[in-house]
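For reference, the structure discussed in these notes is given below.
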Amino acid sequence: MRSIAGVLLGASLIMAMLVPNTLAGDKPWFDMENCAFCSKLLEDPGLLKNSVWEHHEIDNGIISVTTVKPEYLPSYRKAEAAMNEVGKKIAAGEQVPMCGMCQAFGALFMKGARMEVVETSVGSVMLMTSSDSTVVTEIKAWGKRTNDEMAMMETGEEHEHEHGE
């Protein structure tokens, strides 16, 4: 995940400069089908159903844990590589559609958030932190909103944002 995290960071930073900073604004938080990054997670129809993304608060930000069932780990790594390619397009100046979550993610880094990612044998772990208390509050809000939106997707409350199943 180290490479995809770097690409997402770079791409998100570029997009954050081009798009007004809001916590999703008028865009859907998740737009799995239309976001150039998130759509890569749909290429294997079973990947999302067999993955768990958790965001937990820590003193200076959040820790995100992604766990993927072993038989879907190759699909997860393939999605990471595809997202990396999207990031290269953005770095080359191409504009791509992004969901509210990806835009907000990039905006956090524009405000000084730091990220560390460790690839694990079953997925990845990411720390998103800051020494600025205002940014820490925004990081935690991003994590909570992401958790809340994922819970709605799982219960079917947001039909237009389902996993494409």
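Pairing each heavy atom of Val136 with each of Ser130, the nearest pair is CG2-O, 3.2 Å. Contact record, Val117 with Met126: CG2-CG, 3.7 Å, taken as the closest heavy-atom pair. When all heavy atoms of Lys49 and Pro45 are compared, the closest pair comes out as CE-O, 3.9 Å. Scanning both residues, Val86 and Ala36, for their nearest heavy atoms gives CG2-O, 3.5 Å.
Put simply, the side chain of Leu73 reaches to within 4.5 Å of the side chain of Tyr76, judged on heavy atoms. Within the 4.5 Å cutoff, side-chain heavy atoms of Lys27 are placed close to those of Gln103.
With sequence neighbours left out, Lys144 forms a salt bridge (Lys or Arg N to Asp or Glu O under 4.0 Å) with Asp148. Remark: Asp132 pairs with no residue by the side chain to side chain donor-acceptor pair (under 3.5 Å) rule, at least two apart or across chains. Take Glu116 and apply the salt bridge (Lys or Arg N to Asp or Glu O under 4.0 Å) test, not counting sequence neighbours, and it matches no residue. Scored by the side chain to side chain contact (heavy atoms under 4.5 Å, CB included) test, Ser131 finds Arg114 as partners (sequence neighbours excluded). Residues forming a side chain to side chain donor-acceptor pair (under 3.5 Å) with Thr146 (at least two apart in sequence, or on another chain): Trp29. With sequence neighbours excluded, the residues forming a side chain to side chain donor-acceptor pair (under 3.5 Å) with Ser75 are Asp44, listed by chain and number. Thr129 meets the side chain to side chain donor-acceptor pair (under 3.5 Å) test with no other residue; sequence neighbours excluded.
No option in Met115, Met128, Lys111 other than Met128 meets the side-chain contact (heavy atoms from CB on, under 4.5 Å) test with Ile139.
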Pairs of donor and acceptor atoms involving the side chains of residues 57-64, under 3.5 Å and at least two apart or interchain, shall be tabulated with distances.
unit_1	atom_1	unit_2	atom_2	d
Ser64	OG	His55	ND1	2.5

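Cluster annotation: Met101 is connected to Met153 through the hydrophobic network of ILVMFWY side chains, with a link wherever side-chain heavy atoms come within less than 4.5 Å.
A side-chain donor-acceptor contact under 3.5 Å links Ser39 to the backbone of Cys35. Using a distance-only test at 3.5 Å, with no hydrogens or angles considered, a donor-acceptor pair links the side chain of Arg77 to the main chain of Gly123.
Interatomic distance, CH2 of Trp53 versus CE of Met150, reported as 8.5 Å (0.5 Å rounding). With rounding to the nearest 0.5 Å, the separation of NZ in Lys78 from CG in Leu47 is 11.0 Å.
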I'd like to know whether Met83 forms a side-chain contact (heavy atoms from CB on, under 4.5 Å) with Leu41, so could you lay out the CA-CA distance, the side-chain angles of the two residues, the decisive distance to 0.1 Å, and finally the verdict. CA-CA 9 Å; Met83 287 186 228; Leu41 297 168; 3.5 Å; yes

